[in-house]
Enquirer: 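Below you'll find the structure I mean.
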There are 2 protein chains.
Amino acid sequence: MGQQSKPAAESGTRESERRRTILRAAIDVFARKGYHGCRIADVAKEAGVAYGLVYHYFKNKDELLETVFDTGWSGFVTRVRAVVEGEGPLAEKVRGIVEVAFEAYRVDPRAVKVLILEIARSPAGSRINRQTAFVDAIRLSSALFNAAQERGELRPGLDPHLASALLFGNIEMALTAFVVGLADARDPDALERAKSQIADSFLYGVLTGAQAAETSEWKPEKSATKSKAPKRS
Amino acid sequence: MGQQSKPAAESGTRESERRRTILRAAIDVFARKGYHGCRIADVAKEAGVAYGLVYHYFKNKDELLETVFDTGWSGFVTRVRAVVEGEGPLAEKVRGIVEVAFEAYRVDPRAVKVLILEIARSPAGSRINRQTAFVDAIRLSSALFNAAQERGELRPGLDPHLASALLFGNIEMALTAFVVGLADARDPDALERAKSQIADSFLYGVLTGAQAAETSEWKPEKSATKSKAPKRS
DNA sequence: CCGCTGGTTGACTGGCGAATCACCCGCCGG
DNA sequence: CCGGCGGGTGATTCGCCAGTCAACCAGCGG
């Protein structure tokens, strides 16, 4: 997160128009052809600027991607933080997080596409895993689950960290479905339905009320294995 | 999915020792440095063979990756299919699927790493999205959820396709946590715990029994939106 | 003993694309 | 009017790496 190596970066909004143009172009091109599948020339052409200018604003191709990630994620993480730190029961907050993610997708599907598809695919050696950004969000909300567990809202014995990961796993996979065209993103209802279904099934499970109640004691005896330790938390 | 372009391929096991050595090496190297981050020379060195030999067995780098995917996924999909087509209640099958995924990880973490991390996106234009393989598994198990819904085991109104996607989203994210070292994979208990927690929280949700029962009627009034259409199924 | 066949080798090349650099141009301050 | 400065240009350079190929070396059948 955000070591601005740019010297005269200063205030956030102060960055030149051009720089932002290039950034947008980069997002578009990455979304279309993937990071490795495009050359800087493509970005430049898309932005309508000269090849060299890209290097005026960004140290190299890598930093360009880095920046795309940082800006994209920081917005997302900020919003997630707001939800997490707000008031309300766990269920409400979970819905809030899902909402944030889907809203981001509604506003700028392409950016989300890049963020999701290009995760973890950092040019091998270079920099920290972009995964980090995602991990931030997960860690953030795992605090939420931790607190909820202490308040007794979350099933005891469930690792808050894992729960958090699962939530984002749900979100990511659902968005991926839209991103790759498995689900129809032009149907606004589909988005809405997916949203509530994600939150609901995460909170209450996928089984019918009857079935779930049956085992609701949370001791699914068939559940195998040596789960005894309550886990450090 | 298996168009064997190799001419004298014949029976599956009949492939030369060397070919398999190279494949294994490729998996190792891909896992370590990623597809784009490694050169063919690395694979050859890892396999202990000459550079050129790789090209004797594989048309090009792309086909190498392709093959890694196909072999990896086909095994996985086959096992998932077995579970799906077996007998038993939904809950049992879900546990079965989770089991399959984690077993694959236990047996060969590196292969799983490649399969997960390198999903989707190889040189943009080339071939069909590897996503396909994953999608296969999802589609397969969505039949399962469909049937379950008709038997009344699955919450009505939940899109079976989405449910399936969510399950794999859970699995993938959990495995990713291990793959990237977020969770400690050397602790065998951690694997076990994660396994049962995934299945359980997917089936019964994350809320405590009390809370869940409260809303168990499956009409979370706050759940917003215009969900009326039962959806085609 | 010869020559053929098919797996095996690794130096070599061709192209591609990231990054550089010499140069432009409009503006401002002196 | 001059000089210098910072945004802006794009042809050129340069290293890298996928993919080729000529030569090599069993083994084997004649």
Side-chain angles (χ1 to χ4, degrees), chain A residues 5-11 13-26 28-30 32-68 118 121-127, chain B residues 4-11 13-27 29-30 32-69 118 121-127:
Chain A
S5 50
K6 220 81 262 201
E10 297 287 328
S11 42
T13 344
R14 198 69 180 76
E15 55 183 346
S16 102
E17 190 70 25
R18 284 308 186 80
R19 186 185 153 96
R20 241 168 309 154
T21 309
I22 293 173
L23 219 44
R24 275 242 52 85
D28 286 353
V29 177
F30 288 168
R32 205 171 330 119
K33 329 223 283 182
Y35 177 71
H36 292 284
C38 75
R39 42 218 132 257
I40 291 290
D42 297 332
V43 175
K45 199 179 304 174
E46 175 78 26
V49 302
Y51 187 104
L53 195 60
V54 176
Y55 283 90
H56 183 69
Y57 286 109
F58 302 91
K59 191 159 96 282
N60 53 35
K61 193 183 175 187
D62 227 45
E63 189 186 284
L64 187 52
L65 182 63
E66 195 86 22
T67 307
V68 169
E118 225 69 42
R121 194 141 315 120
S122 66
S126 106
R127 279 297 111 226
Chain B
Q4 293 292 99
S5 50
K6 223 75 265 198
E10 298 286 331
S11 41
T13 344
R14 198 67 180 75
E15 56 181 347
S16 102
E17 189 71 24
R18 283 308 186 79
R19 187 185 153 94
R20 241 167 310 152
T21 310
I22 293 173
L23 219 44
R24 275 242 54 85
I27 291 173
V29 176
F30 288 168
R32 203 170 333 117
K33 329 223 283 183
Y35 178 71
H36 292 285
C38 75
R39 40 213 142 259
I40 292 290
D42 296 332
V43 176
K45 199 179 303 172
E46 175 78 27
V49 302
Y51 186 103
L53 196 60
V54 176
Y55 283 93
H56 182 68
Y57 286 109
F58 301 92
K59 191 160 95 281
N60 54 36
K61 193 183 176 187
D62 228 44
E63 188 187 283
L64 187 52
L65 182 64
E66 194 87 22
T67 308
V68 169
F69 272 106
E118 225 69 42
R121 212 127 300 252
S122 73
S126 109
R127 281 292 113 232

Enquirer: If I take atom NZ in residue K59(A) and atom C1' in nucleotide dT20(C), what distance separates them, rounded to the nearest angstrom?
Expert: 15 Å

Enquirer: What protein N or O atoms touch nucleotides 4-7 of chain C N or O atoms at under 3.5 angstrom, if any, and at what distances?
Expert:
none

Enquirer: Whether R39(B) and D42(B) form a salt bridge (side-chain N of Lys/Arg under 4.0 Å from carboxylate O of Asp/Glu) is what I want to check.
Expert: yes

Enquirer: Dump every N/O contact between nucleotides 22-25 of chain C and the protein below 3.5 Å, one line per pair.
Expert:
none

Enquirer: Atom CG in L64(B), atom CD1 in I27(B): separation rounded to 0.5 Å?
Expert: 9.0 Å

Enquirer: Applying side chain to side chain contact (heavy atoms under 4.5 Å, CB included) to L23(A) and F58(A), what does each step give before you reach the verdict?
Expert: CA-CA 10 Å; L23(A) 219 44; F58(A) 302 91; 3.6 Å; yes

Enquirer: Might you point out which heavy atoms bring K61(B) and Y35(B) nearest each other, and give the distance in Å?
Expert: NZ-O, 3.0 Å

Enquirer: Please enumerate all residues that pass side-chain contact (heavy atoms from CB on, under 4.5 Å) together with A25(B), with sequence neighbours excluded.
Expert: V43(B), E46(B), A47(B)

Enquirer: Would you jot down, in residue-number order, the residues of residues 40-52 of chain A having a non-hydrogen atom under 4.0 Å from DNA chain C?
Expert: I40(A), Y51(A)

Enquirer: Mind checking salt bridge (Lys or Arg N to Asp or Glu O under 4.0 Å) for R18(A) and listing every partner two or more places apart, or none if nothing turns up?
Expert: none

Enquirer: Just do the side chain to side chain contact (heavy atoms under 4.5 Å, CB included) check on R19(A) and I22(A) with the steps written out, would you?
Expert: CA-CA 5 Å; R19(A) 186 185 153 96; I22(A) 293 173; 5.9 Å; no

Enquirer: What is the distance, to the nearest angstrom, from the NZ atom on K61(A) to the P atom on dG17(C)?
Expert: 9 Å

Enquirer: For A41(B) and Y51(B), work out which heavy atoms get closest and say how close.
Expert: N-CE1, 3.7 Å

Enquirer: For N60(B) and Y55(B), which heavy atoms make the closest approach, and how far apart are they?
Expert: CA-CE2, 3.9 Å

Enquirer: Between which nucleotides of DNA chain D, read 5' to 3', does contact with chain B run, using atoms under 4.0 Å from its heavy atoms?
Expert: dC17(D) to dT20(D)

